[in-house]
Amino acid sequence: MTGIQSIKTYTPGTPLPINTLQEKESLSESELVYFNTCGINTIYDSGDITSYELAKGACEKLLQETGTEASSIDLIIYLQSRMPEHFISSEATRLQYDIKAHKALSFAISNLGCADSSMALKLAKDFLIANRKATNVLICYGNKLFSNYRFRYPVTIMGDGGVAALISRTDDHQITDLHIETNGHYWDLFKLEYRGKSFDQYKEECSDIRKYGFELAIESKNRFKEINDSILKRNGLSVQDISHFMLQNISSRAYEYYQSAFDIRISPICAMNLTQYGHLGAGDIFLNYQTGMESGIFQKGEKILIMNNSPVAAWSTLLMEV
């Protein structure tokens with residue numbers, strides 16, 4: 001059996017109230033309404049700490065607090081930041097070197113946005129199935145501000161933080177099933193032009209707000225309906241068998257949308273973490289699951305369905321058994 005052995009988050013700095021963000025002063029009326037109603041109260045600002053250092057900090061915290069030897073790691077899956085510290089060089093192998101996981105194979109994945117974490121979990125499970133002698137896969141990610149603007153209209157507000165997850169052979173928190181789909185029609189819906197610009201000029205833009213808020217929203221609902229139905233069917237389950245539904249942390253509006261569309265209740269864990277941390281990119285579903293693991297909310301044997309999507313666009317659903 002393959003499952004999540006442990007998850008740790010690393011959020012250096014102090015919580016910063018979003019109302020103190022200077023960019024709020026330049027928002028239009030419609031932007032300000034969204035800013036004030038997305039369900040986020042604070043975010044963590046890591047200052048000069050890089051996305052790599054956030055990922056590394058989460059890994060070191062996990063290894064230390066779980067008593068895991070770096071030498072026991074067989075594979076490192078590094079989720080590439082939207083703003084790496086350097087072009088060309090390898091942060092994945094740098095991390096392997098820095099934490100002294102010398103026996104591990106290390107590589108990075110990117111370009112699926114929030115759904116990078118879902119792809120990492122799928123690859124981790126597939127790796128352990130295909131390699132009988134392997135025992136541990138380390139997944140890590142650092143979410144870091146990639147411009148001077150934390151507010152990504154009309155999506156969310158970004159916070160800083162690192163996450164690390166240890167995937168191993170265990171009967172607990174089993175990765176029962178995982179399905180991912182993509183659609184290149186939306187490949188450039190969000191982008192940040194950087195060539196010929198200084199960092200102060202970097203700003204992510206949505207090329208078509210209606211396409212995001214209407215067309216992609218409808219397709220996401222339909223995609224999740226198909227994916228969820230297929231996962232439940234092939235595992236002999238119904239919606240009533242799911243004890244907890246979870247989503248990545250974008251906005252309170254997203255929770256309301258999917259709750260209404262599917263007649264389900266998104267776990268309050270998600271809204272709680274959204275309020276405190278804002279959006280942590282591909283780290284959201286790990287943070288939410290960690291909260292469930294450590295708070296005692298999850299009970300042995302319960303089934304958990306985790307939906308995770310990205311406007312690039314990608315959709316994934318993960319079925320877990322506690």
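The analysis underlying the following values was restricted to heavy atoms, covering all of them including side chains, and did not include hydrogens, waters or symmetry mates.
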ring-ring contact (aromatic ring centres under 6.0 Å, His included) partners of Phe151, counting only residues at least two apart:
Phe35, Tyr153
Taking only distance into account, with no hydrogens and no angle test, what donor-acceptor pairs under 3.5 Å do side-chain atoms of residues 96-104 form with protein atoms, sequence neighbours excluded?
residue : atom : partner : partner atom : Å
Gln96   : NE2  : Ala101  : O            : 3.3
Gln96   : NE2  : Ala104  : O            : 2.8
Asp98   : OD2  : Tyr52   : OH           : 2.5

Listed partners of [X] passing side chain to side chain contact (heavy atoms under 4.5 Å, CB included), at least two apart:
| X | result |
| --- | --- |
| Glu215 | His185, Tyr186, Lys211 |
| Ser46 | Pro12, Ile49, Leu54, Lys144, Asp160 |
| Asn36 | Asn19, Lys24, Leu32 |
| Leu232 | Leu237, Val239, Ile242 |

Partner residues of [X] under the side chain to side chain donor-acceptor pair (under 3.5 Å) criterion, sequence neighbours left out:
| X | result |
| --- | --- |
| Ser89 | none |
| Ser28 | Ser30, Glu31 |
| Ser207 | none |
| Glu29 | none |

Kindly write out the residues that satisfy salt bridge (charged side-chain N to carboxylate O under 4.0 Å, His left out) with Glu85, not counting sequence neighbours, or none if the list is empty.
Arg94
Taking salt bridge (charged side-chain N to carboxylate O under 4.0 Å, His left out) as the definition, give me every residue that meets it alongside Asp208, ordered by chain and number, with sequence neighbours left out.
none
